[in-house]
Amino acid sequence: MCRAVFLLALTVLVCPAAEALDNGLALKPTMGWLHWERFMCNTDCDKDPNNCISERLYMQMADVMVKEGWKEAGYEYVCIDDCWPSHQRDAKGRLQADPKRFPGGIKKLADYVHSKGLKLGIYADVGKNTCAGYPGSLGYYETDAQTFADWDVDLLKFDGCYMDWKLLGEGYMNMSRALNKTGRSILYSCEWPLYEWPYKQPDYKAIRETCNHWRNFADVYDSWSSIKSILDWTASHQDIIVPSAGPGGWNDPDMLVIGNFGLSHDQQESQMALWAIMAAPLLVSNDLRDICPRSKKLLQNTDIIAISQDPLGKQGLCTIKMDSFEVWERPLSKKRLAIALLNTQEIGGPRGFFIRAAPGWKICDPQCNVTQILPQYKELGVQTPHTKLVVSVNPSGTTLLTVTPTSDYAGLIL
Ligand code: GLA
């Protein structure tokens, strides 16, 4: 799985990613909030007014995003997922929001979100129905794209349920063109490869030309086994998917579930670190109105967000698996490197990793400067290829480092 990674890393460095969808969006991985994992298809506003899919939920999230530092940290998009529309289109064939749960309609909601300096995302489906059985866009791509543009929506998540897999490519490309034709900048989030993988290897060149990010693998759940399965899938398909990521288009391993119920704090740190290494969209799905301070601090950690949003725009890789450790490395701007050390042994206590075993450590020749970002911020100082430095990693936790090569000779030469 992690073999031949250096060849791949070289290829990634030498060959720039293929043409991205040319809409000027997602030059860095998208950041925001998305309702699905936490709130799902809860439409019962009589019994559960606080958590049902309604305009109130998004307005409250937008309020909190501004008040509690999320916007300042970079989280920008407030995104609606499935279950927002009425079961019927209107007399002109347009989608309409459920009138009881969205009495103001989507345009008003977009105005509200924009008044907070944030952006609004919406959800639709390339097929006959959405995954939860609401009207799909098949046969209505232009109408729906125009409706979303008229509502001043800023992002579309386009699902792939209820669609003949052979028509997926055509459908996703047609919607991309329809969005473009509206003249509004609408970030386009696809699930095309996820629905194609069971039948054929997706054409990532075409996907990158069509979408701003794309889901490859199953839905994330609020559990460590779900996070692990996403990481395993990514590592075992990295030669295919990593080269397609870059400014304008990203692989999407699905939402961050940090701040919910299923992950220990170490596991939450692992998700945050690895999503940053994978240059993944950072779309959190939790209840921002009620989140524990430690999870909030992790999600707002500026050093990790800086790795995620690094201007070089290269997705990282799993470079080695050894002794129940996984090493994931992402090249950063200014020749720096982020290294995530994941301890996959779910028994026992913290274990030491001999840092010079990380394949990317070669950039420490002759010297480098190392900073530990997780679990605590710590300057680890100047290191060499022969360092004896051992870093500690908790079970199912991740120690995240940044490494900056220092050319100590430069001073002497000058
Ligand atoms: C699919 C998608 C999820 C979510 C649901 C909504 O499963 O992959 O992310 O949008 O549909 O029904």
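One-based numbering, in listed order, for ligands and for the atoms of each.
- Against a heavy-atom cut-off of under 4.0 Å, Glu191 is close to the following atoms of ligand 1: 2 (C), 8 (O), 9 (O).
- Under a 4.0 Å criterion applied to the non-hydrogen atoms of Cys131, ligand 1 contributes the atoms 1 (C), 11 (O), 12 (O).
- Considering backbone and side-chain N/O of Asp254, none are found under 3.5 Å from N/O of ligand 1.
- Ionic pairing of Asp310 and Arg336 is present here: one or more N-O contacts between side-chain nitrogen and carboxylate oxygen are shorter than 4.0 angstrom.
- Checked against a 3.5 angstrom limit, the closest N/O atoms of Tyr195 and ligand 1 fall outside it.
- Residues forming a salt bridge (charged side-chain N to carboxylate O under 4.0 Å, His left out) with Arg184 (at least two apart in sequence, or on another chain): Asp152, Asp154.
- Nearest to atom 5 (C) of ligand 1 among the protein's heavy atoms is Trp36 CE2, 3.6 Å.
- Salt bridge absent: Lys71 and Glu76 never bring a charged side-chain N and a carboxylate O closer than 4.0 Å.
- Of the candidates Leu34, Leu194, Asp81, the one placing a heavy atom closest to atom 10 (O) of ligand 1 is Asp81.
- Across every non-hydrogen atom of Gly160 and Asp125, the tightest pair is N-OD2, 3.5 Å.
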Please list every donor-acceptor pair under 3.5 Å in which a side-chain atom of residues 397-404 meets a protein atom from a residue at least two apart or in another chain.
unit_1, atom_1, unit_2, atom_2, d
Thr398, OG1, Ser270, OG, 2.8
Thr399, OG1, Ser392, O, 2.7

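- In this structure, atom 9 (O) of ligand 1 lies nearest to the protein heavy atom Lys157 NZ, 2.8 Å.
- Note on ring orientation: taking the six-membered ring where Trp is involved, the planes of Trp151 and Trp84 are perpendicular (angle over 60°, cut-offs 30° and 60°).
- Nearest protein heavy-atom neighbour of atom 12 (O) of ligand 1: Asp82 OD2, 2.7 Å.
- Side-chain rings of Trp197 and Trp233 approach one another, their centers coming within less than 6.0 Å.
- In this structure, Arg208 does not pair ionically with Glu19, as no charged nitrogen and carboxylate oxygen lie closer than 4.0 Å.
- Ranking the protein heavy atoms by distance from atom 8 (O) of ligand 1 puts Asp219 OD1, 2.6 Å first.
- Contact annotation: Arg215 has at least one heavy atom less than 4.0 Å from an atom of ligand 1.
- Atom 1 (C) of ligand 1 has as its closest protein heavy atom Asp159 OD2, 3.0 Å.
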